[in-house]
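Note sheet for the following structure.
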Amino acid sequence: MDFNIREELLVLADEEYRKFSSALIPNISNIIGVRLPELRKLAKKIASGDWRGYLREAPSDYFEEIMLQGMLIGYIRADVEEKLQFVADFVPKIDNWSVCDSFCTGLKFAKKEQDRVWEFLQPYWMSDKEYEIRFGLVMLLNYFVHDPYIDRVLFAIDSIDHEGYYVKMAAAWALSICYIKLPDPTLAYLQSARIDDFTYNKALQKIAESYRVDPETKKRIRSMKRKAATPHA
């Protein structure tokens, strides 16, 4: 397979989309401006050939090159241990919320390999790196918010202690998904949660903003807000 993917990416570049993406992901400056559907097409094409060779050699200079690798890992056909090795190799390349969240969304094999993936994720919640923790949290909210994992999910969220903004936002997002899918155990948790005020209040805000929550419940959730919360960037 011809691995001159960068030329294809440059041909697909859209300057207006590059500006739009750069505004949404303020902490990176290496965006070409390729739309996600085009990246998915490329990832699927690579997945049909020598994808192992590509992953060994793929450059990571541009946002799209990293995003493409993450998408590809979601499409490859391999056993769970080989996939998890590629996941582990990829996670250190994550340096923004967009790559993190898209990558997690593509790892659909986690639905069938719940016990193994849960075990694999343990070190990420205990990491001191912002995007490693976010990776673990987004995997939680995508694949583990159901019985019999809900208590373990809530415990994992409660045990995280990191000042990173993108950790706090992912934890709040995860708690909102927990509440929407399993309100009783999540409400019980929120009434004694040890998480910081910013994350707690942001979770309540996300729950109250959901169209899947009825007006009376929204009112109750808003009444649970902690006072004098201070956000941490």
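- Donor-acceptor pairing under 3.5 Å is lacking for the side chains of Gln205 and Asn201.
- Taking 4.5 Å as the limit, some side-chain heavy atom of Leu36 sits within range of a side-chain heavy atom of Met71.
- Within the model, atoms CG of Asn96 and CD1 of Ile28 stand 4.5 Å from one another, a figure rounded to the nearest 0.5 Å.
- No donor-acceptor pair closer than 3.5 Å links the side chain of Ser102 to the backbone N or O of Val99.
- A salt bridge is absent between Glu209 and Lys206: the closest approach of a Lys/Arg side-chain nitrogen to an acidic carboxylate oxygen does not fall below 4.0 angstrom.
- By the side chain to side chain donor-acceptor pair (under 3.5 Å) test, Asp151 pairs with no residue at all, sequence neighbours left out.
- In summary, the side chains of Tyr131 and Asp95 do not present any donor paired with an acceptor at a separation below 3.5 Å, with no hydrogens or angles considered.
- Ionic pairing of Glu38 and Lys41 is present here: one or more N-O contacts between side-chain nitrogen and carboxylate oxygen are shorter than 4.0 angstrom.
- Note that the CZ atom of Arg56 and the CH2 atom of Trp51 stand 9.5 Å from one another [nearest 0.5 Å].
- The minimum heavy-atom distance between Ser98 and Phe63, with the atom names listed, is OG-CZ, 3.8 Å.
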Enumerate donor-acceptor pairs with a distance under 3.5 Å from any side-chain N or O in residues 132-142 to protein atoms, sequence neighbours excluded.
residue	atom	partner	partner atom	Å
Glu132	OE1	Ser127	OG	2.8
Arg134	NE	Asp101	OD1	3.1
Arg134	NH1	Tyr166	O	2.8
Arg134	NH2	Asp101	OD1	3.4
Arg134	NH2	Asp101	OD2	2.8
Asn142	ND2	Val138	O	3.1

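- Here the straight-line distance linking atom CG of Leu154 with atom OG1 of Thr186 works out to 5.0 Å at 0.5 Å rounding.
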Problem set entry | From CA spacing to verdict: salt bridge (Lys or Arg N to Asp or Glu O under 4.0 Å), Glu15, Arg18 | CA-CA 5 Å; Glu15 178 60 18; Arg18 186 193 69 77; 2.8 Å; yes
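- Between Phe90 and Ile94 the shortest side-chain heavy-atom distance falls below 4.5 Å.
- Applying the ring pair (Phe, Tyr, Trp, His ring centres under 6.0 Å) rule to Phe144 yields the partners Trp118, Tyr149; only residues at least two apart in sequence or on another chain are considered.
- The number of heavy atoms from other shown groups lying within 6.0 Å of CG (Asp161) does not exceed 12.
- Using a 4.0 Å cut-off between charged nitrogen and carboxylate oxygen, Glu8 and Lys45 count as a salt-bridge pair.
- The same ILVMFWY cluster, assembled from side-chain heavy atoms under 4.5 Å apart, contains both Leu10 and Ile66.
- Side-chain contact check for Tyr62 versus Ile31: every heavy-atom pair is 4.5 Å or farther apart.
- Here the shortest heavy-atom pairing between Leu182 and Asp147 reads CD1-N, 4.1 Å.
- Under the side-chain contact (heavy atoms from CB on, under 4.5 Å) criterion, Gln191 pairs with Leu187, Arg220, Met224, sequence neighbours left out.
- Atom NZ of Lys225 is separated from atom NZ of Lys227 by 7.0 Å, given to the nearest 0.5 angstrom.
- Here Asp214 pairs with Thr217 under the side chain to side chain donor-acceptor pair (under 3.5 Å) rule; sequence neighbours left out.
- Using a 4.5 Å heavy-atom threshold, the side chains of Lys202 and Lys168 count as separate.
- Trp125 and Phe155 end up in different hydrophobic clusters when Ile, Leu, Val, Met, Phe, Trp and Tyr side chains are linked at under 4.5 Å.
- Put simply, the side chain of Ile177 reaches to within 4.5 Å of the side chain of Lys181, judged on heavy atoms.
- Here the side chains of Arg52 and Glu82 are in contact, with some heavy-atom distance below 4.5 Å.
- Contact check for Tyr189 versus Leu175: side-chain heavy atoms found under the 4.5 Å cut-off.
- Residues Leu107 and Ile73 meet the side-chain proximity criterion, which asks for heavy atoms closer than 4.5 Å.
- With sequence neighbours left out, the side chain to side chain donor-acceptor pair (under 3.5 Å) criterion links Glu65 to Arg6.
- Distance CD/Glu81 to CZ/Phe120: 9.5 Å, rounded to 0.5 Å.
- The shortest heavy-atom contact between Ser210 and Lys218 is O-NZ, 2.6 Å.
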